[in-house]
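FYI, the numbering just counts along the sequence from 1. Whatever order the structure lists ligands and atoms in, that order sets their numbers, starting from 1. From a predicted model like this one, the values you see are computed outputs, not experimental measurements.
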Amino acid sequence: METNMKHWCLALMALSLAPCSFAADATRPNILVFIVDDLGFGDIGCQGATRVKTPQVDRLAKEGLRFTDGHCAAATCTPSRYALITGEYPWRKRGTGVLPGDAGLVIETNRGTLPLTLKKAGYTTGAVGKWHLGLGPEGGPNWNGEIKPGAREVGFDFSFIMAATGDRVPCVYVENGRVANLDPADPIEVNYRQPFPGLPTGKANPELLKTHPSHGHDMALINGISRIGYMKGGTKALWKDEDMADVFTKKAIGFIEQNQSKPFFLYFATQDIHVPRAPHPRFSGATPMGPRGDAIAQMDWCLGELLNTLERLSLKDKTLIVFTSDNGPVIDDGYKDDAVLKLGDHKAAGPWRGGKYSNYEAGTRVPFIVSWPGRIKPGVSNALVSQVDLHASFAALSRGPAPQETDSKQILPALLGDSPQGRESHVASASALSLRKGNWKYIAPGKGVKVTKATNTETGNDPAGQLYNLSADPGEKQNLAKQQPKKHEELVEELQKIRQAGRLPK
Ligand code: NG6
Ligand code: CA
């Protein structure tokens, strides 16, 4: 009897000392944000693509809710991801334009973020893939020491990332704040202004290139591809572009396996289908569209690997997945990779006008699928939803603290398919700000070219304000600003109100 009592007491003591942990369950799922780079609305089978097959994305869409009016907050990467991670519109914060690879962390470490909120709710948080939000102090980190502040300081327990983009140096992986596989005898130096004497560049040594630039991208020459910026050293740590999808996928699977019995949040950011498009040779020729199409096929494979992992670990019903992209599509983004030549009748932007860099819809209207088998009824939703809302919505879902970021709306009922109503309005940014309200779209006056020469993007810039009725004119062809002055004024004022409501740029 006495020993029994002793056992009971010990068991009780152990329980009270155990850290407060819980498993993901039917009400509080694991969260996987799978964010593709530069994937257009029409780049997936379930939204019209036929020249590239995306069976895994289509499978997710079939099991989940496919949003036809889902947005990222900006038409390029850094500002778009800033919004997703923080829940704040990027134009409120200076320095959120496309960052070089040696930029300091652009997110203040004392602010609320999505991963931090989920951490407070008891989730283990991980970031794998493209970062592009800066690392280290202003002026960039010391690549040979501890790279801080970074992903950990904004709320990720685990991170395996690349600093910026595949086309920017340094071409190395950063794992939990240190360059992976770095040989201290071969330190890394990064310079965005001038080349290192004696090292090859795309400009000086085109004979060493396997992919040639079409514009820019003629600096450091690494793995037969010239990049933006110069770097020296770190030879053992250099990534091989063709293996990158495999490397990131393996890390993501490892993270899921390790955290299978706890609730986790995984931010999985593929380097695909951004330039340089260099998929693994097993995807070469997977599509008739050249490397851009093959990179889509590779991305689809990555998604399949993660879906299979969740299935294998019996986590499918306990995991909510968001599949989306950080901005609209671009065909030639700086390399001669046959993307334009082999495009055929493929409509990367779907029915929308413009693309990456554009104020028109295709800049930010991106693939947006939410799945949670057993909880979300499969179907299609026309609710207006944005990545900026994930912070407030997942705070509610995880029963974490509600964020202070007022741009982030709690639209869980829309995301879970319980309501057809998403947010009322949405501000997107490219070269100008634009406001969506219902089916109306206002683009603020913008300076600059109408079509960029290099990427052939219709920017949507106009010195006068533009107003479009997307239900009658989804292609944004007919500017109604003059015909509908009252509507125009209403949206001008609404945008002004939203601008004044939040934090203004410092
Ligand atoms: C541009 C690059 C483009 C791409 C983009 C950022 C040139 C000529 N073009 O400046 O290739 O890297 O920046 O893309 O350098 S994003 O998806 O990360 O925003
Ligand atoms: Ca991008």
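Looking at D167 next to ligand 1, an N or O pair under 3.5 Å apart turns up.
Among protein heavy atoms, atom 5 (C) of ligand 1 sits closest to Y357 OH, 3.3 Å. The nearest heavy-atom contact from the protein to atom 7 (C) of ligand 1 is H217 CE1, 3.6 Å. Summary of contacts: the protein heavy atom closest to atom 11 (O) of ligand 1 is D333 O, 2.8 Å. The protein non-hydrogen atom at the shortest distance from atom 17 (O) of ligand 1 is K356 NZ, 3.0 Å. If you check which protein heavy atom lies closest to atom 15 (O) of ligand 1, you get I228 CD1, 3.2 Å.
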Salt bridge (Lys or Arg N to Asp or Glu O under 4.0 Å) between R81 and D37, intermediate numbers included:
CA-CA 10 Å; R81 286 163 204 255; D37 201 354; 3.7 Å; yes
Decide salt bridge (Lys or Arg N to Asp or Glu O under 4.0 Å) for E88 and K93; before the verdict, give the C-alpha distance in whole Å, the side-chain angles of both, and the deciding distance to 0.1 Å.
CA-CA 9 Å; E88 179 179 65; K93 163 102 175 118; over 6 Å; no
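Checked by atom type, the side-chain pair S214/D332 shows a donor-acceptor distance below 3.5 Å. In the model, T319 has a side-chain atom that pairs as donor or acceptor with a side-chain atom of N30 under 3.5 Å. Of the N and O atoms on the side chains of D294 and S284, not one donor lies less than 3.5 Å from an acceptor on the other residue.
Of all atoms in ligand 1, numbered sequentially from 1 with element shown, those under 4.0 Å from a heavy atom of T76 are 19 (O). Under a 4.0 Å criterion applied to the non-hydrogen atoms of H132, ligand 1 contributes the atoms 18 (O). Under a 4.0 Å criterion applied to the non-hydrogen atoms of V275, ligand 1 contributes the atoms 11 (O). Shown in contact with T165 at under 4.0 Å from a heavy atom are these atoms of ligand 1, numbered in order with element: 18 (O). Each of the atoms 17 (O) of ligand 1 lies under 4.0 Å from some heavy atom of D37. Proximity to N327 (heavy-atom distance under 4.0 Å) selects the following atoms of ligand 1: 17 (O).
In this structure, T452 OG1 and H215 NE2 are separated by 7.5 Å, a value rounded to the nearest 0.5 Å.
Its N, O or S atom nearest to the Ca ion (ligand 2) is what matters here, and for D38 that atom is OD1. Of all N, O or S atoms in D37, the one lying closest to the Ca ion (ligand 2) is OD1.
Between Y173 and W239, the ring planes are tilted. Angles from 30° to 60° get that label. Classification of the H426-H71 ring pair by plane angle, with boundaries at 30° and 60°, yields tilted.
Under 4.0 angstrom from ligand 1, the non-hydrogen atoms of V98 all belong to its side chain. In R227, neither the side chain nor the backbone holds a heavy atom less than 4.0 Å from any atom of ligand 1.
Ranked by closest heavy atom to atom 19 (O) of ligand 1, the top entry among S214, G166, G229, C77 is C77. One option in H274, R168, H215 has a heavy atom closer to atom 1 (C) of ligand 1 than any other, and that option is R168.
The 12-atom threshold is exceeded at NZ of K210, counting heavy atoms of other residues, nucleotides or ligands nearer than 6.0 Å.
With the Ca ion (ligand 2) at the apex, D326 OD1 and N327 OD1 define an angle of roughly 80° (rounded to 10 degrees).
Between I107 and T86, the shortest heavy-atom contact is CG2-CG2, 4.0 Å. Here the closest heavy-atom approach between residue L303 and residue F34 is recorded as CA-CE1, 3.5 Å.
Remark: D58 does not engage R66 in a salt bridge, criterion side-chain N to carboxylate O under 4.0 Å.
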